[in-house]
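FYI, side chains are in, hydrogens and waters are out, and symmetry mates aren't considered; it's all heavy atoms of this structure. Values in this document were obtained by computation on a predicted structure and should not be read as measured data.
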Amino acid sequence: MDLSALRTFKLVMDMGSVTAAAESLNTVQPNVTARIRKLENELGVSLFLRAHRRLVPTHEAEKLLEYANAMLTLERAAKGAVNPGDVGHIRMGFVDTQASHLLPRFITEYRRFHPDAEISVDTGVSGFLNNAVNECRLDAAVVVDRRKRSTDQDNLTTHMLFTEPLVYIAPKGLTRLEQALELPIMVLIQEGCGYRNFAIDWYRAQNLTAPRMMEISTLDGILACIKAGLCASVLPRSIVESFELENRAAVFPLEGGNAEINIALVHRPEFKGDHRINLLLQMFRNGEVIVAE
């Protein structure tokens, strides 16, 4: 199966349009259509249907996309293994609660080593990112280590990066943690109940009654509700600095057991030894500027 045809097919799937794919490839629409038809003839199936001037992927196309992602990922891994001096294109994921302070460092340092690289970044909760890496939609991701609670990291290689303390963030004006504990807490929605479980584990470790819970899909939403005096939240300490909360909210360090989280880098096993992965490990484990040779 021709990898160039698979790249064209993936581009059409990602962009939802033959015209857009042709523009991206700097070619004409008939060339893209011809590649797709050649792929259909080779596979003996239809990959797209037209409905009201829209291109609708078939079930077979959705299935092929999974394999196309895997094959193109393996191609990149092979190139990186035999030619570490390549341009270093990378698709990275960052868990929401780490993106604001790690992303600027990542882009700055990665650009120094790979100035011509195409960098694609996605953010989300750890379960979403683990699945994206598993399905070859991302090359690697920085996530909260969930191996004790979920199976979505089982097929991935996991590298521990650092441990981060959790803090209790409450509305401004509260002076004691006991006051904040009376509020309901709001946590990020996540498959496997990530931050909900982190909060409940801490409460249990302190022999406290589990709090009233609210869930929301965005970190910005949590911080807005805290500022409005509606709730508190259990979040990593780095959030305080990244969102300049020191003078805009009450922040209480958490003590005792279950008061920290482990941050990890995950990738598929075939990227073991990849120069990009090694660079990421240096970057995030050291937390300092790396000198390019």
Side-chain angles (χ1 to χ4, degrees), residues 1-80 86-96 99 103 106-107 110-111 114-143 152 156 191 217-218 266-268 270-271 274 276 280:
M1 191 175 296
D2 185 4
L3 288 178
S4 64
L6 284 178
R7 276 191 287 272
T8 300
F9 162 74
K10 174 175 165 53
L11 198 57
V12 173
M13 289 288 286
D14 290 344
M15 305 188 80
S17 163
V18 169
T19 302
E23 291 176 357
S24 178
L25 292 169
N26 196 29
T27 188
V28 293
Q29 184 174 335
N31 287 345
V32 173
T33 301
R35 292 179 195 175
I36 296 298
R37 285 179 178 167
K38 181 180 178 182
L39 196 56
E40 289 178 324
N41 291 335
E42 183 178 351
L43 295 171
V45 298
S46 295
L47 297 173
F48 297 98
L49 301 174
R50 290 196 174 274
H52 305 291
R53 296 185 178 180
R54 291 191 306 111
L55 206 60
V56 181
T58 62
H59 171 74
E60 290 78 9
E62 298 288 354
K63 197 66 181 174
L64 178 62
L65 183 61
E66 297 177 18
Y67 287 95
N69 282 330
M71 293 170 71
L72 295 173
T73 295
L74 282 170
E75 179 199 26
R76 283 191 296 275
K79 287 181 177 178
D86 69 10
V87 293
H89 300 326
I90 193 167
R91 301 166 301 168
M92 273 295 297
F94 287 88
V95 64
D96 290 319
L103 187 52
F106 160 66
I107 292 178
Y110 199 85
R111 282 287 189 213
H114 296 292
D116 298 322
E118 293 180 5
I119 299 175
S120 174
V121 175
D122 201 357
T123 62
V125 295
S126 296
F128 165 78
L129 296 175
N130 286 333
N131 288 332
V133 174
N134 260 317
E135 295 169 3
C136 303
R137 290 182 283 114
L138 293 175
D139 298 318
V142 175
V143 300
D152 54 35
L156 302 177
E191 183 182 352
S217 61
T218 67
V266 297
H267 60 82
R268 287 175 61 93
E270 54 262 35
F271 281 113
D274 187 283
R276 298 169 303 167
L280 294 172

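For the pair Val18/Phe48, no side-chain contact is recorded, criterion being any heavy-atom separation below 4.5 Å from C-beta on. Using a 4.5 Å heavy-atom threshold, the side chains of Leu280 and Met92 count as touching. Looking at heavy atoms from C-beta onward, Thr19 lies in side-chain contact with Glu23 at the 4.5 angstrom threshold. In this structure, Leu72 and Lys10 have side chains that are in contact, with non-hydrogen atoms separated by less than 4.5 Å.
Atom CZ in Arg276 sits 5.5 Å away from atom CD1 in Ile90 (nearest 0.5 Å). Distance check, rounded to the nearest 0.5 Å: CD of Glu75 to CG of Leu6 gives 9.5 Å. Here CG of Asp139 is found 9.0 Å from OG of Ser120. Values are rounded to the nearest 0.5 Å. Here Leu39 contributes atom CG and Arg35 contributes atom CZ; the two are 11.5 Å apart, rounded to the nearest 0.5 Å. From Arg137, atom CZ reaches atom CG of Leu65 across 9.0 Å, with rounding to the nearest 0.5 Å. A distance of 6.0 Å separates CD1 of Ile107 from CD1 of Ile119, quoted to the nearest 0.5 Å.
When the shell of 6.0 Å around CZ of Arg111 is examined, it contains more than 12 heavy atoms from other residues, nucleotides or ligands.
Distance alone, capped at 3.5 Å, is enough to place a donor-acceptor pair between the Thr73 side chain and the Asn69 backbone. A distance-only check finds a donor-acceptor pair linking the side chain of Arg268 to the backbone of Asn134 [under 3.5 Å]. Side chain of Asp122 to backbone of Gly93: no donor-acceptor contact under 3.5 angstrom is found. Looking at Glu40, its side chain does come within 3.5 Å of a backbone N or O of Leu47 through a donor-acceptor pair.
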Open item on the list: Glu62 vs Met13, test: side-chain contact (heavy atoms from CB on, under 4.5 Å). Steps then yes/no.
Closed with: CA-CA 9 Å; Glu62 298 288 354; Met13 289 288 286; 3.9 Å; yes

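Classified by interplanar angle (parallel below 30°, tilted 30° to 60°, perpendicular above 60°), the ring pair Phe106/Tyr110 is tilted.
The two residues Ile36 and Phe9 have their closest heavy-atom pair at CD1-CA, 3.7 Å. Of all heavy-atom pairs between Leu55 and Gly16, the closest is CB-O, 4.2 Å. The minimum heavy-atom distance between Leu129 and Gly124, with the atom names listed, is CD1-O, 3.7 Å. For Ala70 against Cys136, the heavy-atom pair with the smallest separation is CA-SG, 3.4 Å. Residue Ala99 comes nearest to Phe94 through the heavy atom pair CB-CB, 3.9 Å, listed as atom of the first residue, atom of the second, then distance. Across Thr27 and Val32, no two heavy atoms sit closer than the pair CG2-CG2, 3.9 Å.
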